[in-house]
Amino acid sequence: ALAIPVLGTAQVNVSTNVEGRNAVVEEWTGLHCGYCPIGHAMVNSQIAANPGRVVALNIHSGGFSVPSAGEPDYRTTQGNTLDGAFPIGGSYPSSTLNRRTIGGSQIYHPADLGNASHIPTVLGENSEVNIYATATLDIVTRQLDVEVEYYYTSNAPNGTNYLNVAVTQNDIHGPQDDYGNYNPTGWVDQAAGIYRHNHIFRKFMNTPGTWGAPISSTTMGSTAIVNYSETLPMDINGVGMDLANIELAIYIGDGFQSAGNVLTGISVIPTLTGFTATDEVVFQSASADDLNVCNAGGNETMSPTINMQNWGSNPMTSATITYDVNGGTPVVMNWTGTIAPGATAMVTLDPIT
């Protein structure tokens, strides 16, 4: 569905004080990029070290993002457009940092903090503009509503800036090449080659498209509220959009397309709405390994796996699960853990004979 921005002028929540510039890292990556996990690890370490100050977009594009038969396709049309606008030249992973020139190029290796502390340098600067945003996402209708406020504490270098609202997704489990265990905590099952992909770029909400909505007043004191509304699809390019793992990357570029340095940005996790119960669970699937009984009357033991989703507004912390095979003697398992509202979890059940 088309996202239509609605512009207002009243400043409500955004700070009017001079604040530090936040870092926005666009990282070009791919599921067959064996050195990409080291870039992911570096960016994640900067996010952890600087809470709320580093915004990440992992854009799957280029030759290393082409899926093999049966693999998911994380590429997007807008991601390919972004890729083509920067001098990547087939080198993955590559990153921009606020789309500024570093060492003579807009592109640098995301793990390159040795030559200069690029991200800390950005964080040490003052931003010309502050951003505040809130978002809600209805789990039933899939409607995403976003409200963005901005306020200029000083004049921007350019007279026209561009507001970008990017939809990213975390915790997508899928294949990833790895040449050296560069990101040990990034794996779901390293032996099976299943990786936890985070910050994957899915789409922009902006009208007219990839390069953002124009801001025509960029002088000190300029402020506005912009509202976006869009119904998220069930999937993009065959990869499902899990609403519980949606994150927004919102940033303002000082100029058009790749020429516009990013002044600042923020990350926002939408508040999920639309729950009709406080405590409810939905079973999505169940599976178990095939069994081969070699002798008549022989017993085999298996540990089934179920996928369940918390469809209630409260975090799910415990459950009593009863299960059987073909109406046989049931097994009762008391499960404890944490599943956030709207989130799903794979649970391995106790063995059953």
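One is the number of the first residue; the rest follow in order along the sequence. Below, each value reflects all heavy atoms present in this structure, side chains not excepted, and no hydrogens, waters or symmetry copies.
Taking all atoms of both residues into account, the shortest heavy-atom contact from Q106 to P87 is OE1-CD, 4.4 Å. A pairwise comparison of heavy atoms in P37 and G34 identifies CD-O, 3.5 Å as the closest pair. Listed here is the closest heavy atom pair of M220 and T153: CG-O, 3.5 Å. In terms of heavy atoms, V146 sits closest to A135 at CG2-CB, 4.0 Å. Of all non-hydrogen atoms in A56 and T168, the two that sit nearest each other are O-CG2, 4.4 Å. The two residues T210 and N164 have their closest heavy-atom pair at O-OD1, 3.7 Å.
Note that OH of Y162 is 10.0 Å distant from CD1 of I215, once rounded to the nearest 0.5 Å. To the nearest 0.5 angstrom, T136 atom OG1 is 4.5 Å from D145 atom CG. Atom CH2 of W28 is separated from atom CD1 of I59 by 4.5 Å, given to the nearest 0.5 angstrom. Put simply, NE2 on H60 and OG1 on T29 are 5.0 Å apart, with the number rounded to the nearest 0.5 Å. Atom OG of S45 sits about 7.5 Å away from atom CD1 of I119, to the nearest 0.5 Å.
Between the side chain of T96 and the main chain of N98, no donor-acceptor pair closer than 3.5 Å is present. Between the side chain of S91 and the main chain of I88, no donor-acceptor pair closer than 3.5 Å is present. A donor-acceptor contact shorter than 3.5 Å is absent between the side chain of Q143 and the backbone of S229. No donor-acceptor distance shorter than 3.5 angstrom exists from the side chain of R53 to the backbone of A23, with no hydrogens or angles considered. Without hydrogens or angle criteria, S127 side chain to N130 main chain gives no donor-acceptor distance under 3.5 Å. For R21 (side chain) and N126 (main-chain N/O), a donor-acceptor pair under 3.5 Å exists by modelled atom type. Here the side chain of T81 pairs a donor or acceptor atom with the backbone of T77 at under 3.5 angstrom. The closest donor-acceptor contact from the side chain of N58 to the backbone of E27 lies at 3.5 Å or more, if one exists at all.
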Quick one: side chains of residues 261-287, donor-acceptor pairs under 3.5 Å with protein atoms, not counting sequence neighbours, listed by atom name and distance.
from: T264; atom 1: OG1; to: N22; atom 2: N; distance (Å): 3.0
from: Q284; atom 1: NE2; to: Q309; atom 2: OE1; distance (Å): 2.5

List the atom pairs, with distances to 0.1 Å, where a side-chain N or O of residues 341-353 and a protein N or O form a donor-acceptor pair under 3.5 Å, not counting sequence neighbours.
from: T353; atom 1: OG1; to: T301; atom 2: OG1; distance (Å): 3.2

Would you list the atom pairs, donor with acceptor, under 3.5 Å between side chains in residues 183-195 and any protein atom, with sequence neighbours excluded?
from: N183; atom 1: ND2; to: Y195; atom 2: OH; distance (Å): 2.9
from: D189; atom 1: OD1; to: A191; atom 2: N; distance (Å): 3.3
from: D189; atom 1: OD1; to: A192; atom 2: N; distance (Å): 3.2
from: Q190; atom 1: NE2; to: N181; atom 2: OD1; distance (Å): 2.9
from: Y195; atom 1: OH; to: H40; atom 2: ND1; distance (Å): 2.8

Show the atom names and distances, to 0.1 Å, of all donor-acceptor pairs under 3.5 Å that link a side chain in residues 237-259 to residues at least two apart or in another chain.
from: N237; atom 1: ND2; to: D73; atom 2: OD2; distance (Å): 3.1
from: N237; atom 1: ND2; to: R75; atom 2: O; distance (Å): 3.2
from: D242; atom 1: OD1; to: A244; atom 2: N; distance (Å): 3.2
from: D242; atom 1: OD2; to: N245; atom 2: ND2; distance (Å): 2.9
from: E247; atom 1: OE1; to: N170; atom 2: ND2; distance (Å): 2.8
from: D254; atom 1: OD1; to: N158; atom 2: N; distance (Å): 3.1
from: D254; atom 1: OD1; to: N161; atom 2: ND2; distance (Å): 2.7
from: D254; atom 1: OD2; to: N158; atom 2: ND2; distance (Å): 3.1
from: S258; atom 1: OG; to: A85; atom 2: O; distance (Å): 3.4

**Report entry** Residue pair H197, Y74: steps toward the ring pair (Phe, Tyr, Trp, His ring centres under 6.0 Å) verdict
**Finding:** CA-CA 10 Å; H197 294 275; Y74 300 132; 5.1 Å; yes
Query raised in the report: So Y228 and L163, side-chain contact (heavy atoms from CB on, under 4.5 Å) or not? Walk me through it.
Result: CA-CA 12 Å; Y228 292 94; L163 173 63; 3.9 Å; yes
Report task. In sequence, state the C-alpha distance, the side-chain angles, and the governing distance for F201 and V167, and then conclude on side-chain contact (heavy atoms from CB on, under 4.5 Å). Result -> CA-CA 6 Å; F201 171 77; V167 180; over 6 Å; no
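Looking at N13 and E149, their side chains do bring a donor and an acceptor atom within 3.5 Å of each other.
Remark: N50 pairs with Q46 by the side chain to side chain donor-acceptor pair (under 3.5 Å) rule, at least two apart or across chains. With sequence neighbours excluded, the residues satisfying side chain to side chain donor-acceptor pair (under 3.5 Å) with S222 are S217, T219. Looking at residues two or more places apart in sequence or on another chain, you find a salt bridge (charged side-chain N to carboxylate O under 4.0 Å, His left out) between E26 and R99. The side chain to side chain contact (heavy atoms under 4.5 Å, CB included) check on Y35 picks up P93, Y179, Y182, with sequence neighbours excluded. Partners of R142 by side chain to side chain donor-acceptor pair (under 3.5 Å), not counting sequence neighbours: none found. F64 is linked by a side chain to side chain contact (heavy atoms under 4.5 Å, CB included) to C33, Y92, counting only residues two or more places apart in sequence or in another chain.
The disulfide (SG to SG under 2.5 Å) contacts involving residues 67-104 comprise nothing, where partners must be two or more places apart or lie in separate chains. Annotation: side-chain hydrogen bond (donor to acceptor under 3.5 Å, both in side chains) contacts involving residues 321-342, sequence neighbours excluded, comprise T320-N334.
Counting only heavy atoms from C-beta outward, the side chains of T218 and E128 never approach each other to under 4.5 Å.
Cluster annotation: I200 is not connected to L82 through the hydrophobic network of ILVMFWY side chains, with a link wherever side-chain heavy atoms come within less than 4.5 Å.
In this pair, H118 and Y108 present their aromatic rings perpendicular. The plane angle is above 60°, beyond the 30 to 60° band.
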